[in-house]
Amino acid sequence: MSEKQFKRTLVTSALPYANGPVHIGHLAGVYVPADIYVRYLRLQGKPVLFVGGSDEHGVPVTIRARKEGITTQQVVDRYHNLIKDSFEQFGISFDVYSRTTSAVHHKLASDFFRKLYDDGKFIQQTTEQFYDEETKEFLTDRNIRGECPHCHSQGAYGDQCEKCGRTLSPDELINPYNAVNGNPLTKRATTHWYLPLDQYQQWLEQWILEEHKEWRPNVYGQCKSWLDGGLRPRAVTRDLNWGIPVPVEGAEGKVLYVWFDAPIGYISNTKELCDAQPGKFGKWETWWKDESTRLIHFIGKDNIVFHCIVFPSMLKAEGSYILPDNVPSNEFLNLEGDKISTSRNWAVWLNEYLDDFPGKQDVLRYVLTANAPETKDNDFTWADFQARNNNELVAIYGNFVNRALVLTHKYFEGKVPAQGVLTDYDNATINEFRDIKLRLEQLLDQFRFRDAQKEAMNLARIGNKYLADTEPWKLAKTDMQRTATILNLALQIAANLSIAFEPFLPFSSEKLRNMLNLTNADWNRLGNTDLLAESATVNEPSLLFEKIDDSAIQAQLDRLARIKKENEAAAWQAPQVKAPTCIEEFDKTDIRVGTVLECTKVKKSDKLLQFKIDDGMGGRTILSGIAQSYPDPQELVGKQVLFIANFPPRKMMGIESQGMILSAVNADGKLVVTTVSKPVRNGVQVG
RNA sequence: CGCGGAGUAGAGCAGUGGUAGCUCGUCAGGCUCAUAACCUGAAGGUCGUUGGUUCGAUCCCAGCCUCCGCAACCA
């Protein structure tokens, strides 16, 4: 925590790239923690603004558009809308969610660049870069391929050879070509502007290494490593036709580098909101230029350098902006043991989740927070998702609420009974959660969302234990006054739960408040036992969470298994050609054609099929280990197949095989029997 | 050997220079108001590996191995 006194908080979450939907990795890394934090601050009544938006510039969207034969604008429109809708449904409570193709952003980013340009904050440099004469474009390192100068393998990338692992520069490649279309490349001079980060080195060292030692170890460590290595000027423009034009004479065909314009999007989106509703949100400058505003960036670990070094340097260069007070960055979330990948479709997509699990936003929010990668990469598994829902949300939280309400209806006609006289045990139980507000605040202020949520869940455990120990269903037979006290306290705990979980599980908290007839969550009363007035009515309980059964989980696992298989097939490459041979060698093998007369599974064998072949020479029996590729052997009957006729007989499972049927091994490992393209006479030779 | 983060019970994760913790799972018992839910107890770990500092290391230091990021459509 900073010592400074702040009057308001501006929270940003990394701008998702408008090149695909949002997945659980994005959510766990950035949007769920940011949303929890923002909801928490709002509950405390603190002024806060939560800013998000789509990042719509850069090369990948243009490549995607070309691949799909639509315009780049159509690509970003599609994904911006999809992402925006998903966030809304999922309850990510942005005050504004805009986009970097907005007019406001183009002007603001352009002005920002121009100010730095006019103030002489950039270095201008002309270099020779590879150019494709046909498509009239300069290429990024990664889109240039050629022969590796070290190991001479083909297809090395402009920045690295994957065969020998060496780092390269495009200039070293032999016969470089365009990775997208294979065109040969020439060199052309091009001019770009650079932000001289080295000039900010000393200032950054003081600002981060001395004044922000409280940043998370992964953030601090990464910054330190960059600073220790010495910063170098970084290009802020690119040769590209998609993006924000460089607002300088003679810079036609150049745009701002996506990493320069994207973080400015935080500012533009704030401006867009404030300009539209000045009465509600005030001036945008208050959020960005007033020292009493606390700026927090929520990001993933791959974004640390840009948010801690590059963007602050830009802001510092401009001169009138505040700097981030903290940059809580998470590590990565894996999916079922493999890293999440958009290109390999290895992800749980938010829009698909919302379709597959309607009304279960809070379940995913809970699981992603309970297993948030706050200190290291963590793993998301569907089994864990199901277990946390069934064993924690349903069994602990939902069940406790249900017990308290059912008992209240059973014994007190749905009215909150009188609290009466508290026993020592009651007071001991109350003491266990009296300071829950303080504990939650301490954890949330330190961005320890996983522990904070655990603290909230602990309250439900306290409630269950309280009911188990006091046994009101027994006392109801003898002592209604005591029963009243117990149920009053149980209901107060339920009311506390609705407040404690509000930042984490907003949908369920609202549902619970509706059951309890509470109008709003008052954070300041968290920990008290007078949230529900005596005689107030509570509604008939409905289930707060429902069990998720195995079939729903299995459907997700099946989907992932299918994707994995598709990926493996797509990654398949033809095996290396064997050592040279010659016609004489080949000629020794006698390959013939024969018709399958019978084809049956060999008993007690997993793999063997027994063939009866008409070989034009009186027939023969051949065994072939392809049963797992042909679950229905009958489909082969009547087909003409190729077989080797001069192998020595060989006994398998007690049956003699007189030859070998030729099969192709498919990419998925399945065997496919070879056949002829026109009918031929049985027994003819192949060669 | 580029740099940073990480490697802890069956699984997922906390944590600290002094007898190793949480949740789930497993096993046993209790309860029966409750969504076969709840409560109590137990078993289960040479804290990646090798060496060093220390009276004492899971923690500090050094080397090594593995995974991830910086770095390619990815938070």
Side-chain angles (χ1 to χ4, degrees), chain A residues 13-17 19-20 22-31 33 58-61 63-64 67 140-143 157-160 162 167 179 216-226 228-229 298-306 329-334 337 339-344 346-347 367 370-381 383-384 387-388 390-396 398-411 448 450-451 454 457-458 460-461 463-469 471-474 476 483 487 490 541 543-547:
Chain A
S13 56
L15 305 184
Y17 198 58
N19 193 31
V22 171
H23 57 62
I24 52 170
H26 300 110
L27 295 173
V30 177
Y31 304 105
V59 180
V61 285
I63 292 174
R64 180 161 206 128
K67 217 182 267 177
T140 58
D141 290 358
R142 193 62 189 183
N143 280 330
Y157 290 100
D159 55 355
Q160 189 186 37
E162 291 192 332
T167 304
R216 284 188 182 173
N218 57 342
V219 178
Y220 189 89
Q222 176 118 37
C223 291
K224 186 166 190 314
S225 129
W226 269 66
D228 288 351
F298 281 85
I299 55 167
K301 70 169 158 180
D302 56 342
N303 260 334
I304 291 171
V305 169
F306 293 99
S329 164
N330 275 345
E331 301 288 301
F332 276 13
L333 188 69
N334 294 325
K339 71 175 195 169
I340 292 177
S341 161
T342 298
S343 55
R344 291 189 358 258
W346 192 254
V367 173
N371 196 24
E374 288 178 5
T375 56
K376 68 183 184 75
D377 290 0
N378 283 351
D379 198 27
F380 176 95
T381 66
D384 180 63
R388 287 196 188 275
N390 292 359
N391 303 332
E392 298 180 31
L393 287 177
V394 173
I396 313 251
N399 184 43
F400 167 70
V401 169
N402 195 43
R403 296 172 85 183
L405 287 173
V406 166
L407 288 168
T408 302
H409 277 273
K410 192 162 178 176
Y411 301 126
R448 293 173 59 184
R450 183 173 48 194
D451 288 339
K454 202 179 266 182
M457 186 53 91
N458 193 43
R461 293 180 202 278
N464 275 317
K465 182 166 163 48
Y466 180 68
L467 286 181
D469 289 347
E471 300 183 313
W473 51 90
K474 278 186 181 167
T483 309
L487 288 183
L543 296 185
L544 205 50
F545 301 97
E546 285 173 8
K547 287 208 162 197

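Below, read A as the first sequence line, B as the second, and so on, with proteins coming before strands; counting in each chain starts at 1. In what follows, every heavy atom counts, from backbone to side chain, and hydrogens, waters and symmetry copies are set aside.
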(message) Using the C1' atom as the point on both nucleotides, what is the distance between B:A11 and B:G45, in whole Å?
(response) 14 Å
(message) Return the pairing partner of B:C31 with a 3.5 Å limit on both distances, Watson-Crick or G-U wobble; otherwise return none.
(response) none
(message) Measuring only the P atom in each nucleotide, how far is B:A71 from B:U54? A whole number of Å is fine.
(response) 42 Å
(message) Need one value for A:Asn399: base, sugar-phosphate or nothing, where a base atom within 4.0 Å counts as base even if backbone is also close, heavy atoms only.
(response) base
(request) With heavy atoms under 4.0 Å as the rule, sort A:Thr375 into base, sugar-phosphate or nothing. (result) sugar-phosphate
(message) If you define the side chain from C-beta out and look only at heavy atoms, does anything of A:Phe332 sit under 4.5 Å from A:Pro373?
(response) no
(message) Within the structure provided, determine whether A:Val367 and A:Asp384 are in side-chain contact (heavy-atom separation under 4.5 Å).
(response) yes
(message) Using a 3.5 Å distance criterion without hydrogens, assess whether the side chain of A:Tyr31 forms a donor-acceptor pair with backbone atoms of A:Ala14.
(response) yes
(message) With a 4.0 Å limit, can you tell me whether A:Lys547 has a side-chain N or O closer than that to the phosphate oxygens OP1/OP2 of B:A37?
(response) yes
(request) Using a heavy-atom cut-off of under 4.0 Å over every strand shown, decide if A:Lys474 touches base, sugar-phosphate, or nothing. (result) sugar-phosphate
(request) Would you indicate which nucleotide in B:C33, B:G5, B:A6 comes nearest to any side-chain atom of A:Asn218? (result) B:G5
(message) From CZ of A:Phe306 over to P of B:C70, roughly how many Å is that when rounded to an integer?
(response) 9 Å
(request) State which of B:G69, B:C73, B:G25 makes the closest approach to the side chain of A:Gln222. (result) B:G69
(request) Under a 3.5 Å limit for both distances, which nucleotide forms a Watson-Crick or G-U wobble pair with B:C47, could you say? (result) none
(message) Give me the distance, rounded to whole Å, that separates B:C22 from B:G44 when you measure between the P atoms they each carry.
(response) 15 Å
(message) In whole Å, measure the gap between the C1' atoms of B:G2 and B:C60 for me.
(response) 25 Å
(message) Rounded to whole Å, how long is the line connecting atom CG of A:Leu407 with atom C1' of B:C31?
(response) 13 Å
(message) The side chain of A:Arg461 is closest to which nucleotide in this list: B:G12, B:U23, B:G69?
(response) B:U23
(request) Round to the nearest Å and state the distance from A:Arg403 atom CZ to B:C31 atom P. (result) 14 Å
(message) Using the P atom as the point on both nucleotides, what is the distance between B:C64 and B:G10, in whole Å?
(response) 29 Å
(request) Write down the distance separating the P atoms in B:U46 and B:A6, rounded off to the nearest Å. (result) 23 Å
(request) Would you indicate which nucleotide in B:G12, B:C73, B:A34 comes nearest to any side-chain atom of A:Arg388? (result) B:G12
(request) Please tell me which of the listed nucleotides, B:G69, B:C33, B:A37, lies nearest to the side chain of A:Asp302? (result) B:G69
(message) Closest approach to the side chain of A:Lys465, judged atom by atom: which nucleotide of B:A34, B:U35, B:U40 is it?
(response) B:U40
(message) Using a 3.5 Å distance criterion without hydrogens, assess whether the side chain of A:His26 forms a donor-acceptor pair with backbone atoms of A:His23.
(response) yes
(message) Using a heavy-atom cut-off of 4.0 Å across all strands, would you classify A:Leu543 as base, sugar-phosphate, or nothing?
(response) base
(request) Tell me yes or no: between the side chains of A:Arg388 and A:Asn371, is some donor less than 3.5 Å from an acceptor? (result) no
(message) By nearest atom, which of the nucleotides B:A34, B:G5, B:C13 is closest to the A:Asn371 side chain?
(response) B:C13
(request) Rounded to the nearest angstrom, tell me the gap between atom NZ in A:Lys224 and atom P in B:G69. (result) 24 Å
(message) Using atom C1' in both nucleotides, what's the gap between B:G7 and B:A14 to the nearest angstrom?
(response) 14 Å
(message) Looking only at the side chain of A:Ile396 (C-beta and beyond, no hydrogens), which of the listed nucleotides B:C24, B:A14, B:A71 gets closest?
(response) B:C24
(message) Counting the atoms with a prime plus P, OP1 and OP2 as sugar-phosphate, which does A:Gly20 contact under 4.0 Å by heavy atoms, base, sugar-phosphate, or nothing?
(response) nothing
(message) Which heavy atom of A:Asn390 sits nearest to which heavy atom of A:Val394, and what is that distance?
(response) O-CB, 3.5 Å
(request) Round to a whole Å and report the spacing from NZ of A:Lys454 to C1' of B:C13. (result) 7 Å
(message) Need one value for A:Tyr17: base, sugar-phosphate or nothing, where a base atom within 4.0 Å counts as base even if backbone is also close, heavy atoms only.
(response) sugar-phosphate
(message) Need one value for A:Arg450: base, sugar-phosphate or nothing, where a base atom within 4.0 Å counts as base even if backbone is also close, heavy atoms only.
(response) sugar-phosphate
(message) Measuring only the C1' atom in each nucleotide, how far is B:C39 from B:G51? A whole number of Å is fine.
(response) 49 Å
(request) Would you mind telling me which of B:G69, B:A14, B:C38 lies closest to the side-chain atoms of A:Lys301? (result) B:G69
(request) Spell out, as yes or no, whether a donor-acceptor pair under 3.5 Å connects the side chain of A:Asn378 to the backbone of A:Leu333. (result) no
(message) Classify A:Asn378 by what it touches in the nucleic acid, base, sugar-phosphate, or nothing, heavy-atom distance under 4.0 Å.
(response) sugar-phosphate
(request) Identify the nucleotide, in any strand shown, that forms a Watson-Crick or G-U wobble pair with B:C70, with both distances under 3.5 Å; if there is none, say none. (result) B:G2
(message) Between A:Arg450 (side chain only) and A:Ala370 (backbone N and O only), is there a donor and an acceptor less than 3.5 Å apart?
(response) no
(message) Taking pairing as Watson-Crick or G-U wobble with both contacts under 3.5 Å, can you name the mate of B:G12, or confirm there isn't one?
(response) B:C22
(message) If you assign each of A:Asn303 and A:Leu544 to its closest nucleotide in RNA chain B, which residue comes earlier from the 5' end?
(response) A:Leu544
(message) Using the rule side-chain hydrogen bond (donor to acceptor under 3.5 Å, both in side chains), only one of A:Arg216, A:Lys301, A:Glu374 pairs with A:Asn330; which is it?
(response) A:Arg216
(request) Give one of base, sugar-phosphate or nothing for A:Leu333, where a contact means two heavy atoms less than 4.0 Å apart. (result) base
(request) Answer yes or no: side-chain N or O of A:Asn19 and base N or O of B:C73 forming a donor-acceptor pair under 3.5 Å. (result) yes
(message) Any base atoms under 4.0 Å from A:Val394, or only sugar-phosphate, or nothing? Heavy atoms, all strands.
(response) base
(message) Once you apply a heavy-atom cut-off of 4.0 Å, does A:Asn391 come out as touching a base, just sugar-phosphate, or nothing?
(response) sugar-phosphate
(request) Using a 4.0 Å heavy-atom cut-off across all strands, classify A:Ser341 as base, sugar-phosphate, or nothing. (result) nothing
(request) Indicate, with a heavy-atom threshold strictly under 4.0 Å, whether A:Leu405 touches base, sugar-phosphate, or nothing. (result) nothing
(message) A:Glu331 vs A:Lys376, test: salt bridge (Lys or Arg N to Asp or Glu O under 4.0 Å). Steps then yes/no.
(response) CA-CA 5 Å; A:Glu331 301 288 301; A:Lys376 68 183 184 75; over 6 Å; no
(message) Partner lookup for B:C60, please. Criteria are Watson-Crick or G-U wobble with both distances under 3.5 angstrom; report none if nothing qualifies.
(response) B:G52
(request) Could you tell me the separation between the CD1 atom of A:Ile340 and the C1' atom of B:C73, rounded to a whole number of Å? (result) 15 Å
(message) Using whole Å, what does the distance between atom C1' of nucleotide B:G30 and atom CG of A:Asp469 come to?
(response) 12 Å
(message) Rounding to an integer number of Å, can you tell me how far A:Trp226 CH2 sits from B:G69 C1'?
(response) 12 Å
(message) Nearest to the A:Lys376 side chain among B:C73, B:C38, B:A6, which nucleotide is it?
(response) B:A6
(request) Determine which nucleotide pairs with B:G7, using a 3.5 Å limit on both distances of a Watson-Crick or G-U wobble pair. (result) B:C65
(message) Over all strands shown, is A:Ala395 touching base, sugar-phosphate only, or nothing at heavy-atom distances under 4.0 angstrom?
(response) sugar-phosphate
